[in-house]
Amino acid sequence: MDFSIILNEYQFYLDGLWTTTWLVALSLLIGLVIALPAGVLRSHPNWLIKGPIWAYMYFFRGTPLLVQLFLIYYGVAQFDSLRESWLWYYFQEAWFCALLAFSLNTGAYTAEIVRGVISTMPKGELEAAKAYGMSRLQILRRITLPNSLRRALPAYSNEIIFMIHGSAIAGVVTIVDITGAARVVNARYYAPFEAYLAAGVLYMCLTFSVIYLFKLWEKSYQHQ
Amino acid sequence: MTVPTLSIKNLHKSFADNQVLKGIDLDAHKGDVISILGASGSGKSTLLRCVNLLETPTSGDILVNGELIEMKQDIKRGAIPASNKQVERIRSRLAMVFQSFNLWSHLSVLENVIEAPVHVLGVPKKEAIVKAEALLQRVGLYERKDYYPGQLSGGQQQRVAIARALAVEPEVMLFDEPTSALDPELVGEVLTVMRDLAEEGRTMLVVTHEMAFARDVSNKVLFLHQGLVEEQGKPEDIFTNPSSERFKQFISTVY
């Protein structure tokens with residue numbers, strides 16, 4: 001057991017930590033942009049609107065993230081028309097495919113969280129908003145969404161943690177994230193225990209930071 | 001004759017096959033305090049909820065200050081409002097106080113009171129705050145203005161709800177059993193505020209089980225039975241001299 005190799009190669013791990021952080025953060029952001037309208041419109045009475053959203057959520061919650069990533073990174077290259085279009089410029093990049101797969105995946109899960117908290121909105125508060133003359137859009141913006149936010153926090157912090165851990169598969173498509181860094185170090189020194197233990201510690205640091213921040217955030221709502 | 005502030009004409013309401021209201025007429029003039037009594041299932045809450053279209057009437061007319069709420073027929077859903085804009089505008093002129101308060105739990109007391117004036121009526125925020133603070137002063141909760149509804153007792157929440165209603169300067173205040181969800185010792189503080197409002201000439205429609213309030217405060221009482229007005233008149237007349245056998249029974253069981 002020789003942990004000095006970790007200290008010697010710390011630069012790899014720092015780069016990997018940075019890659020994991022921005023990849024996950026950006027995916028979560030894009031996922032949220034997808035999830036808000038998708039979660040709200042999931043309960044729309046019109047099938048032409050809720051149908052496609054249902055299909056999207058069904059597919060991305062129904063299949064493994066790794067399969068989704070392979071479909072986008074390897075599968076899409078099979079189509080000549082795409083390879084000849086301007087889109088290829090992006091789809092040949094591993095980071096772009098990972099970002100796309102992660103965003104669509106977390107978007108689907110988060111949309112389900114959004115749908116859930118909205119459907120358990122206290123009916124009386126919605127009725128009061130109606131009774132005071134708010135329009136449907138105003139009710140959504142002023143009452144439903146802010147009220148639902150605090151109820152969504154526990155489930156959403158879980159989703160973030162799943163995303164951090166799930167992002168470890170980015171290493172499979174050549175990206176040097178935390179897991180990727182561990183792989184490189186292991187390949188160089190053949191010290192798998194030390195290499196992956198270091199990766200595990202970094203994931204734990206990320207996870208506990210998220211848990212801590214959400215704890216503070218939830219606490220700020222406690223009076224309500 | 002002046003135009004009634006609120007006029008209900010031949011109002012019917014059915015839920016599927018169940019006829020809840022079978023033709024109700026009611027005029028409320030400025031300053032009227034009308035108590036609506038009846039056993040549970042008599043349709044009194046439904047009547048109140050039809051006035052601001054929380055329930056859509058099956059047929060009949062509702063006029064606010066002489067303005068008819070336009071309805072149209074929908075193949076699937078039957079009668080629906082013709083214009084959501086009109087309904088929203090009229091609702092913003094009628095304030096409702098609910099049995100279970102229904103304060104917005106993510107907003108502080110003060111924010112609850114300024115929400116509708118600022119975001120529905122377009123009152124400048126500073127102005128709305130000044131007024132809201134005066135109203136909270138009035139219902140005795142100024143010191144609690146930064147609290148959240150969950151931190152208040154039922155009686156306090158209902159007084160905030162009344163301040164929220166007053167903040168929109170409504171043409172008519174609709175009270176839907178405002179004391180029914182309160183512990184007995186908290187009923188008094190809410191009734192006191194309502195008594196005050198009646199005395200200053202607010203137009204109020206009150207669905208209630210508080211006989212003393214109906215008898216002493218209102219100038220008109222409506223007794224509903226199975227979706228029809230069974231007895232109506234001035235409280236001093238109908239409480240001492242009820243013409244309907246059912247109303248006689250009703251007051252004897254409630255008293």
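Labels below follow one simple rule: chain letters A, B, ... track the order of the sequence lines, proteins then strands, and each chain is numbered from 1. All figures in this text were calculated on a predicted structure; none of them were measured in a lab.
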Original post:
When rounded to the nearest 0.5 angstrom, what is the spacing between CZ in A/Arg150 and OG in B/Ser105?
Top reply: 4.0 Å
Original post:
Within a reach of under 6.0 Å around OH of A/Tyr74, are more than 12 heavy atoms found that belong to other residues, nucleotides or ligands?
Top reply: yes
Original post:
Looking at B/Gln99, B/Lys85, B/Arg164, which has the largest count of heavy-atom pairs under 4.5 Å with chain A?
Top reply: B/Arg164
Original post:
More than 12 heavy atoms of other residues, nucleotides or ligands under 6.0 Å from CH2 of A/Trp47: is that the case?
Top reply: yes
Subject >> N/O donor-acceptor pair under 3.5 Å between B/His106 side chain and A/Ser148 backbone >> reply: no
Original post:
Does any heavy atom of chain A fall under 4.5 Å from the side chain of B/Leu174, the backbone, both, or neither of them?
Top reply: neither
Original post:
Where is the tightest heavy-atom contact between A/Lys130 and B/Leu54, given as atom of each residue plus distance?
Top reply: CB-CD2, 4.0 Å
**OP:** Using non-hydrogen atoms and a 4.5 Å limit, figure out which bit of B/Ala161 sits close to chain A: side chain, backbone, both or neither.
**Re:** backbone
Original post:
Does a sphere of radius 6.0 Å around CH2 in A/Trp22 hold more than 12 heavy atoms from other residues, nucleotides or ligands, not counting ones at 6.0 Å or beyond?
Top reply: yes
Original post:
If you measure from CH2 on B/Trp104 to CG on A/Leu126, what distance do you get to the nearest 0.5 Å?
Top reply: 10.5 Å
**OP:** Answer with side chain, backbone, both or neither: which region of B/Asn84 has an atom nearer than 4.5 Å to a non-hydrogen atom of chain A?
**Re:** neither
Original post:
So, are B/Arg49 and A/Glu127 salt-bridged, with charged N and O less than 4.0 Å apart?
Top reply: yes
Subject >> Exceeds 12 heavy-atom contacts within 6.0 angstrom, atom OH of B/Tyr147 >> reply: no
Original post:
For B/Phe98 and A/Ala131, which heavy atoms make the closest approach, and how far apart are they?
Top reply: CZ-CB, 3.8 Å
**OP:** Using a cut-off of 6.0 Å, state whether more than 12 heavy atoms not belonging to A/Phe59 lie near its atom CZ.
**Re:** yes
Original post:
Which of the residues A/Gly124, A/Ser135, A/Gly133 is involved in the greatest number of heavy-atom pairs with chain B at under 4.5 angstrom?
Top reply: A/Gly133
**OP:** Please confirm whether the backbone N or O of B/Met96 pairs with a side-chain atom of A/Tyr132, one donor and one acceptor, at under 3.5 Å?
**Re:** yes
Subject >> Those residues of residues 108-137 of chain B, ordered by number, that approach chain A below 4.5 Å (heavy atom to heavy atom) >> reply: B/Glu115, B/Ala116, B/His119, B/Val120
Original post:
CG of B/Leu107 to CG of A/Asn147: how many Å apart, nearest 0.5 Å?
Top reply: 8.5 Å
**OP:** Assess whether atom OH of A/Tyr89 is packed by more than 12 heavy atoms of other residues, nucleotides or ligands within 6.0 Å.
**Re:** no
Original post:
Is atom CD of A/Gln78 surrounded by more than 12 heavy atoms (other residues, nucleotides or ligands) closer than 6.0 Å?
Top reply: no
